[in-house]
Number of protein chains: 2
Amino acid sequence: MTKINPVNILKEHDLKHTKQRVRVLEEISMDEVAISQPELEKKLGKEIDRVTLYRILNTYEDKGILHRIMDMNGTANYAICSSSCSEHHHHDEHVHFNCTSCFKIYCLEVRIPKIKMPDGFTAKTMSTTAYGTCEKCNANPVKPD
Amino acid sequence: MTKINPVNILKEHDLKHTKQRVRVLEEISMDEVAISQPELEKKLGKEIDRVTLYRILNTYEDKGILHRIMDMNGTANYAICSSSCSEHHHHDEHVHFNCTSCFKIYCLEVRIPKIKMPDGFTAKTMSTTAYGTCEKCNANPVKPD
DNA sequence: CAGACAACTGCAATTTAATTGCATATACTA
DNA sequence: TAGTATATGCAATTAAATTGCAGTTGTCTG
């Protein structure tokens with residue numbers, strides 16, 4: 001995962017520079033895996049109001065700064081978008097890996113293969129998630145934190 | 001979509017035959033698209049208690065009778081599993097199509113292509129969803145019901 | 001650098017979704 | 001058809017998400 005600069009990202013997207021917004025970006029870029037809304041809330045709950053967090057995440061998603069990955073429970077997970085994402089088009093068409101042991105979600109460096117749609121169906125975007133055990137959990141079985 | 005017989009399905013899975021369970025299967029097999037929990041609740045809310053519906057859906061999923069597809073909003077959608085599904089393994093590895101206009105979810109007759117995982121990652125199941133406009137909405141732009 | 005405007009944040013209140021416990025009703029078995 | 005196990009419905013609870021609004025904080029301009 002490339003090193004990101006929260007302040008630049010905000011500038012690039014015409015967003016005001018506030019400490020809450022910077023903190024959210026810092027936290028999300030901390031780890032190379034996606035982070036869930038509840039985890040974020042747990043980590044930032046003391047500094048950032050619950051509602052503000054929702055709003056920041058929505059703003060970031062709209063602007064193409066984050067992409068959102070739903071896990072099997074319908075919980076939102078967030079990861080930094082690659083630089084080619086824009087407000088109007090997300091280029092997050094890589095495969096995600098959802099570990100069923102530690103529940104982490106990884107953005108893999110694997111593109112989603114082209115799939116031919118049946119007649120009449122027009123696909124704009126694709127989402128693929130693999131479920132299984134990740135490298136860490138395969139190495140040493142571990143419990144979620 | 002093959003014609004299903006609710007009573008047989010219940011028998012095959014050692015589930016008691018109740019009118020609520022039959023109704024849920026009837027309703028879900030009505031259409032060839034997956035149906036969301038809220039839609040089901042809207043349709044069956046007069047006959048079946050909200051809580052009972054949750055429980056029936058969970059039971060069916062556990063037993064491999066239904067498979068659950070999460071849409072972009074984290075809402076659960078349900079479709080009848082192909083007959084090869086069992087309690088311990090779902091064979092629903094076909095591509096889903098989520099229409100962003102009418103919000104229907106289709107189970108396509110397209111298998112998810114094999115994708116090679118990075119070293120250390122073991123994938124047990126895969127899920128692929130295409131987002132776009134379905135045949136009906138392509139033919140005549142329409143609003144969701 | 002100060003003032004003004006627009007936008008963001010936090011709090012309170014509300015809405016919506018999901019879960020749990022328990023009493024009653026219902027299916028299956030002998 | 002009586003007995004038992006299980007499913008259902010209701011009430012209450014817990015959790016998640018949204019909305020409105022007042023007060024605060026950034027940014028721009030003069």
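Within every chain, numbering begins at 1; the chains are lettered A, B, ... in the order of the sequence lines, protein sequences first and strands thereafter.
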OH of Tyr54(A) versus P of dT14(C): gap in Å, rounded? 19 Å
Set of side-chain contact (heavy atoms from CB on, under 4.5 Å) partners for Asn8(B), sequence neighbours left out: Asn5(B), Glu12(B)
Contacts of Tyr131(B) meeting ring pair (Phe, Tyr, Trp, His ring centres under 6.0 Å) (sequence neighbours excluded), chain-then-number -> none
Return the value, rounded to whole Å, for the distance between atom CG of Asn77(B) and atom P of dA17(C). 14 Å
Just how far, in rounded Å, is P of dT16(C) from NZ of Lys42(B)? 14 Å
Side-chain donor-acceptor pairs of residues 50-59 of chain B under 3.5 Å, sequence neighbours excluded:
{"from": "Arg50(B)", "atom 1": "NH1", "to": "Glu41(B)", "atom 2": "OE1", "distance (Å)": "2.7"}
{"from": "Arg50(B)", "atom 1": "NH1", "to": "Glu41(B)", "atom 2": "OE2", "distance (Å)": "2.3"}
{"from": "Arg50(B)", "atom 1": "NH2", "to": "Tyr54(B)", "atom 2": "OH", "distance (Å)": "3.4"}
{"from": "Asn58(B)", "atom 1": "ND2", "to": "Tyr54(B)", "atom 2": "O", "distance (Å)": "3.4"}
{"from": "Thr59(B)", "atom 1": "OG1", "to": "Arg55(B)", "atom 2": "O", "distance (Å)": "2.8"}

From CG of Asp62(B) across to P of dA7(D) the rounded distance in Å is 12 Å
Can you tell me the distance, in whole Å, between the CD atom of Gln37(A) and the C1' atom of dA15(D)? 12 Å
Yes or no on side chain to side chain contact (heavy atoms under 4.5 Å, CB included) for Tyr60(B) and Arg21(B), after CA distance, side-chain angles and deciding distance? CA-CA 9 Å; Tyr60(B) 285 176; Arg21(B) 284 179 175 172; 3.0 Å; yes
The helix from dC1(C)-dG30(D) to dA30(C)-dT1(D): angle between terminal helix axes, five bp per end, to the nearest 10 degrees, reads 40°
Just jot down the side-chain contact (heavy atoms from CB on, under 4.5 Å) partners of Glu47(B), sequence neighbours excluded, or say none. Arg23(B), Leu44(B)
Within the side chain of Glu93(B), is there an N or O that forms a donor-acceptor pair under 3.5 Å with the backbone of Met126(B)? yes
Go through the structure and list residues passing side chain to side chain donor-acceptor pair (under 3.5 Å) with Thr122(B), not counting sequence neighbours. Asn138(A)
Heavy atoms of Arg111(A) and Val95(A) approach each other most closely as O-CG2, 4.0 Å
Could you state the atom-to-atom distance from CZ of Arg50(A) to P of dT14(C) in whole Å? 17 Å
Which letters describe nucleotides 8-14 of chain D, given B = protein heavy atom under 4.0 Å from base, S = only from sugar-phosphate, - = neither? BBBB---
Contacts table for residues 72-80 of chain A: side-chain donor-acceptor under 3.5 angstrom, sequence neighbours left out:
{"from": "Asn77(A)", "atom 1": "OD1", "to": "Ser36(A)", "atom 2": "N", "distance (Å)": "3.4"}
{"from": "Asn77(A)", "atom 1": "ND2", "to": "Asp71(A)", "atom 2": "OD2", "distance (Å)": "3.4"}
{"from": "Asn77(A)", "atom 1": "ND2", "to": "Thr75(A)", "atom 2": "O", "distance (Å)": "3.1"}

Return the 5'-most residue of the pair Asp14(A), Glu41(B) with respect to DNA chain C, ranking by each residue's nearest nucleotide. Asp14(A)
Return the value, rounded to whole Å, for the distance between atom CG of Leu44(A) and atom C1' of dG10(C). 15 Å
Sequence neighbours left out, what passes salt bridge (Lys or Arg N to Asp or Glu O under 4.0 Å) with Lys43(A)? Give chain and number order. Glu27(A)
Asn73(B) CG to dA17(C) C1': how many Å, rounded? 14 Å
Close N/O contacts between protein and nucleotides 2-5 of chain D (under 3.5 Å):
{"from": "dA5(D)", "atom 1": "N3", "to": "Lys16(B)", "atom 2": "NZ", "distance (Å)": "3.4"}

Residues in side-chain contact (heavy atoms from CB on, under 4.5 Å) with Val22(B), at least two apart? Pro6(B), Leu10(B), His17(B), Glu26(B)
